[in-house]
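Please read the structure below before turning to the comments.
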Amino acid sequence: LNGAVKLYRRLLQKPPVRRAVAAAIAGYIRLVHATGRWRTIGGDIPERLRRDGKPFIVCFWHGRLLMMNLAWVPDAPFYMLSSPHADGRLTTAVMGHFNIDTVMGSTKKGGSAALRQLARLLKGGAWAGMTPDGPHGPRMRASLGVVMLARMSGAPLVPATYSARPSKIVRSWDRFMLPAPFGRGVFAWGEPIAVAEDA
């Protein structure tokens, strides 16, 4: 298994392979969405903030990453924090198919600079997204990075998620949800969470 993982990561270092895999994943995401019956709970929350011209930080767990590209279509630039390792670069390539840009950084490499860059983008009117338990967990435990970004930018945190049926829960650290085509799904948004400067 370890050998297979090493080979997978080595192959992803090659841009042509990464682009091909990313295109296949993006195609699958669109297939799942197009063939399924999807509804949204709380969709008025991001719309209200958008109308008021208030940038915010979308927060969702790493295991719910796959379909979140289609949860909401902003009319301003959107940036996701992505780690610089092989999986993160693949995620960046997939998001590019949905007009989502990324800022590279993680808790171990370039994290502070990435947060400062995201804070500047938020202050300039862009939206941002983070998986607070990424890139390596622990699962569904938020790191301090998302709180630091909210403090630095003054933007609120807006929780979001999705669920789908039928779907497969992958045996990975984040219990990654892989929905199947021709199913049912729901996107859910929560109320914004303001973070005080001294939080």
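Basis for what follows: all heavy atoms, side chains included, without hydrogens, waters or symmetry-related copies.
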Check whether any side-chain heavy atom of E197 lies under 4.5 Å from a side-chain heavy atom of R151, and answer yes or no.
no
Are V58 and F78 close enough that some pair of their side-chain heavy atoms sits under 4.5 Å apart?
yes
Grouping I, L, V, M, F, W and Y whenever their side-chain heavy atoms are under 4.5 Å apart, do M68 and W61 come out in a common cluster?
no
When every non-hydrogen atom of M104 is compared with those of R89, the smallest separation belongs to CE-CG, 4.1 Å
Roughly how far, to the nearest 0.5 Å, is CZ of R139 from CG of D174?
8.5 Å
Considering only distance and modelled atom types, tabulate donor-acceptor pairs under 3.5 Å from the side chains of residues 157-170, sequence neighbours left out.
unit_1 : atom_1 : unit_2 : atom_2 : d
Y162   : OH     : M177   : O      : 3.0
S167   : OG     : A164   : O      : 3.0

Looking at W72 versus F56, is the centre-to-centre ring distance below 6.0 Å?
yes
For L81 and T102: C-alpha separation, side-chain torsions, deciding distance, then whether side-chain contact (heavy atoms from CB on, under 4.5 Å) applies.
CA-CA 6 Å; L81 181 66; T102 54; over 6 Å; no
So, do P77 and W127 sit near enough that their side-chain heavy atoms are less than 4.5 Å apart?
no
Hey, are the side chains of V146 and T131 touching, using non-hydrogen atoms and a 4.5 Å cut-off?
no
Same apolar cluster (I L V M F W Y, side chains within < 4.5 Å links), V32/F98
yes
Does L65 form a side-chain contact (heavy atoms from CB on, under 4.5 Å) with F176? I'd like the steps, not just the answer.
CA-CA 8 Å; L65 177 63; F176 194 84; 4.0 Å; yes
Using 0.5 Å steps for rounding, measure from the CG atom of L122 to the CG atom of L115.
10.5 Å
Once you round to the nearest 0.5 Å, how far does CD1 of I100 lie from CG of N69?
4.5 Å
hydrophobic_cluster_shared for W173 and M130, side chain cutoff 4.5 Å:
no
CD/E191 to CD1/I45 distance, rounded to the nearest 0.5 angstrom?
4.0 Å
Between L90 and I25, is a side-chain contact (heavy atoms from CB on, under 4.5 Å) present by the stated rule, with each step listed?
CA-CA 10 Å; L90 177 60; I25 294 172; 4.0 Å; yes
Residue set satisfying ring-ring contact (aromatic ring centres under 6.0 Å, His included) with F187, at least two apart, ordered chain then number -> W38
From CD (Q117) to CZ (R120), nearest 0.5 Å
6.0 Å
Which residue pairs pass the side-chain hydrogen bond (donor to acceptor under 3.5 Å, both in side chains) test when at least one of the two sits in residues 26-36, sequence neighbours left out?
none
Only residue of L118, L144, V195 satisfying side-chain contact (heavy atoms from CB on, under 4.5 Å) with L149 is L118
With side chains defined as the heavy atoms from C-beta onward, is the minimum distance between L66 and L178 less than 4.5 Å?
yes
Under the criterion side-chain contact (heavy atoms from CB on, under 4.5 Å), I'd like the reasoning laid out for M80 against V103: C-alpha separation, chi angles, the key distance, then a yes or no.
CA-CA 6 Å; M80 277 290 299; V103 172; over 6 Å; no
Under a plain distance cut-off of 3.5 Å, with no hydrogens placed, do S82 and T92 share a side-chain donor-acceptor pair?
yes
Hey, are the side chains of R48 and P192 touching, using non-hydrogen atoms and a 4.5 Å cut-off?
yes
Honestly curious: do V17 and M95 fall in one hydrophobic cluster under the side-chain, below-4.5 Å linking rule?
yes
Of all heavy-atom pairs between M152 and A119, which one has the smallest distance, and what is that distance?
CB-CB, 3.9 Å
Ignoring hydrogens, what is the shortest heavy-atom contact between R18 and A93? Give both atom names and the distance.
CG-CB, 4.3 Å
Between the OG atom in S153 and the CZ atom in R116, the distance rounded to the nearest 0.5 Å is 14.0 Å
Using every non-hydrogen atom in the two residues, find where G53 and P55 come nearest and quote the distance to one decimal.
O-CD, 3.3 Å
